[in-house]
Number of protein chains: 2
Amino acid sequence: MTSTADAPRSPGRPRSIRADEAIIEATLDLLAEGSTIEALSIEAIATRAGVGKATIYRRWAGKDALLLDALRRLKGVMAQPAGHSVRDDLVLLVGAIGKNVDPRAAKIMPCLAPAVNRSADQFQLYQNIISPRRQLMREVLRRGIDEGVLRADIDVEVTMALLTGPMLIQRVLQWNPDLDEQSLPERVVDAVLAGIQAR
Amino acid sequence: MTSTADAPRSPGRPRSIRADEAIIEATLDLLAEGSTIEALSIEAIATRAGVGKATIYRRWAGKDALLLDALRRLKGVMAQPAGHSVRDDLVLLVGAIGKNVDPRAAKIMPCLAPAVNRSADQFQLYQNIISPRRQLMREVLRRGIDEGVLRADIDVEVTMALLTGPMLIQRVLQWNPDLDEQSLPERVVDAVLAGIQAR
DNA sequence: GCGTTACGAGTCTGACCCGTATCGTATTTC
DNA sequence: GAAATACGATACGGGTCAGACTCGTAACGC
């Protein structure tokens, strides 16, 4: 991002904040409506935002830079576990997967899958977004171990994948159309807690 | 697909099977090399296949139809569980996730994530590929219940998501770069079997 | 050999897009 | 009010691509 630096003082008309907002919003809207990342054109964004193309190029170097900013805007606030019950905290965190504050996020996420694997930048962006969330879950699991609610010999990293994976493939890929998405967090957490082996 | 119908008998030169193959192969190659679905152009495919554009349009109505056929070709043979140990069968099935006979499949799969959510056709194609695999896993789980190895009260559908999800997000999204992909199937299966709750 | 169809290669029109430049106008500082 | 910079709109050259088409040639049935 270039604008709103600590600017000593510049002459001339200042950049419109409304234009900034409109451009970002238009980008996210178009993505959420089904445009894929590369089908997204600056021209379409400008039209949608009611803005001249030059206004976009004045702020960002190109589509990639704009996308980076737009997606950053999307990640929103992380869910905050209450800290009482380990199970309830896990249900909260699992339920928050792929469910950002911004409802457009759910539609946009699948589009990122290809980008994540092809561009190191996008991969880093993705990791930057999810690694603090992983950390949050890691802490809850560690707390569970400390409190004796969870076994001490579990593999925390694998457990995180166990909790996250089912939710993610369901939200991003609609992996199994017969699975009820709403009750899934609870059922996943309880299944992981209990295990499936007869005993 | 249009060719190789039960054709009563047609005059003129028959369609070249080699061209059919070359076009499909070129399509898969280009996808595996990093082209996204929509960046893929008929022109590029024709050039890569050493084929005229008309030869492609003579067989398929457009890019979508061609892609549908190409991806169908990709799904390959399903892993076949041995049927001795439920755990070993599950490890085999989980290990086979996203690991098709065709090595290009792993590179291509992430590209499909956006398509799956935007086109009903692509969604159906995806479900057609994975639902028999889900069925295979379902049968193993049911067998485990019958044999008393697994508890009778488990939710089979959720358990499948539990086993599949972690592997899929790791292979498709590189969700957690620190997770060792090779040992993951075993660790996932064992964790799901045992559960994580202290007891 | 003749009609038919396919072949690879290439051409052509019409979209669409990028990134830059140039309008006339609006908003700011000095 | 003058200089500077922003604005939306639009035009531009350069590029890629879809699809339909045209070549001259090749392979088949009769």
Side-chain angles (χ1 to χ4, degrees), chain A residues 1-27 30-31 33-70 111 119, chain B residues 1-27 29-31 33-70 111 115 119:
Chain A
M1 194 65 180
T2 334
S3 71
T4 62
D6 44 289
R9 192 61 257 138
S10 64
R13 175 175 176 177
R15 294 211 177 143
S16 157
I17 302 172
R18 299 186 55 176
D20 278 87
E21 289 291 336
I23 293 166
I24 296 279
E25 286 302 302
T27 305
L30 287 172
L31 279 178
E33 280 167 19
S35 173
T36 49
I37 284 192
E38 58 198 359
L40 197 63
S41 71
I42 300 282
E43 259 166 8
I45 296 172
T47 303
R48 173 62 158 263
V51 144
K53 279 202 289 175
T55 304
I56 296 182
Y57 283 109
R58 204 173 286 125
R59 288 150 214 260
W60 291 278
K63 191 167 68 177
D64 287 351
L66 168 54
L67 269 175
L68 219 72
D69 270 9
C111 299
S119 143
Chain B
M1 192 67 178
T2 333
S3 72
T4 63
D6 44 289
R9 194 61 257 138
S10 67
R13 175 174 175 175
R15 296 216 175 135
S16 157
I17 303 171
R18 301 186 54 176
D20 278 271
E21 290 290 336
I23 294 166
I24 297 279
E25 286 302 303
T27 305
D29 280 347
L30 288 172
L31 280 178
E33 279 166 22
S35 172
T36 48
I37 284 194
E38 58 199 359
L40 197 63
S41 71
I42 299 283
E43 260 167 10
I45 295 173
T47 303
R48 172 62 159 261
V51 142
K53 279 201 286 178
T55 302
I56 296 181
Y57 282 110
R58 204 172 286 126
R59 287 149 213 262
W60 290 278
K63 193 164 68 175
D64 287 349
L66 169 54
L67 270 174
L68 220 72
D69 269 9
C111 300
S119 143

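The structure displayed is predicted, hence computed values, not measured ones. Every chain is numbered from 1, with letters handed out A, B, ... down the list of sequences.
Taking every side-chain heavy atom of Val51(A) into account, dG8(D) is the closest of dA4(D), dG8(D), dA6(C). For Arg13(A), the listed nucleotide lying nearest its side chain is dA6(D); candidates were dA6(D), dA26(D), dC28(D). Closest to the side chain of Lys53(A), out of dA6(D), dC17(D), dT20(C), is dT20(C).
Taking atom CG of residue Asp20(A) and atom P of nucleotide dA6(D), one finds them 12 Å apart after rounding to whole Å. For the pair Arg58(A) CZ and dA26(C) C1', the interatomic distance rounds to 12 Å; values are reported in whole Å. Atom-to-atom, CD of Glu43(B) to C1' of dC17(D) comes out at 6 Å; the value is rounded to the nearest Å. Rounded to whole Å, the distance from CG on Leu66(B) to P on dA18(D) is 11 Å. Counting to the nearest Å, the C1' atom of dA18(D) and the CG atom of Asp64(B) are 13 Å from each other. Per the geometry, CH2 belonging to Trp60(A) stands 15 Å off P belonging to dC18(C), to the nearest Å. The interatomic distance linking Tyr57(A) (OH) with dA9(D) (C1') rounds to 16 Å, in whole Å. Rounding to whole angstrom units, CD1 of residue Ile23(A) and C1' of dG8(D) are separated by 12 Å.
The main-chain N or O of Arg58(A) is found under 3.5 Å from a side-chain atom of Arg15(A) such that the two form a donor-acceptor pair.
In this model, the phosphate group of dG8(D) is approached by a side-chain N or O of Thr55(A) to a distance below 4.0 Å at OP1 or OP2. Taking 4.0 angstrom as the limit, Arg15(B) places a side-chain polar atom (N or O) nearer than this to OP1 or OP2 of dA6(C).
Annotation: side chain of Thr27(A) is not in contact with side chain of Asp69(A) (no heavy-atom distance under 4.5 Å).
Between the OG atom in Ser41(B) and the NZ atom in Lys63(B) there is a gap of 7.5 Å [rounded to 0.5 Å]. Rounded to the nearest 0.5 Å, atoms CD1 (Ile24(A)) and CD1 (Ile45(A)) are 9.0 Å apart.
Along DNA chain C, the nucleotide closest to Gly12(A) and the one closest to Ala19(B) are compared, and the more 5′ of them pairs with Ala19(B). For the pair Ala54(A) and Ser41(A), nearest-nucleotide mapping onto DNA chain C gives the more 5' position to Ser41(A).
Among the atoms of the strands shown, only primed sugar atoms or phosphate atoms (P, OP1, OP2) are found under 4.0 Å from some heavy atom of Gly50(B).
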Pair Ile37(A), Thr36(B) - check side-chain contact (heavy atoms from CB on, under 4.5 Å), show working. CA-CA 10 Å; Ile37(A) 284 192; Thr36(B) 48; over 6 Å; no
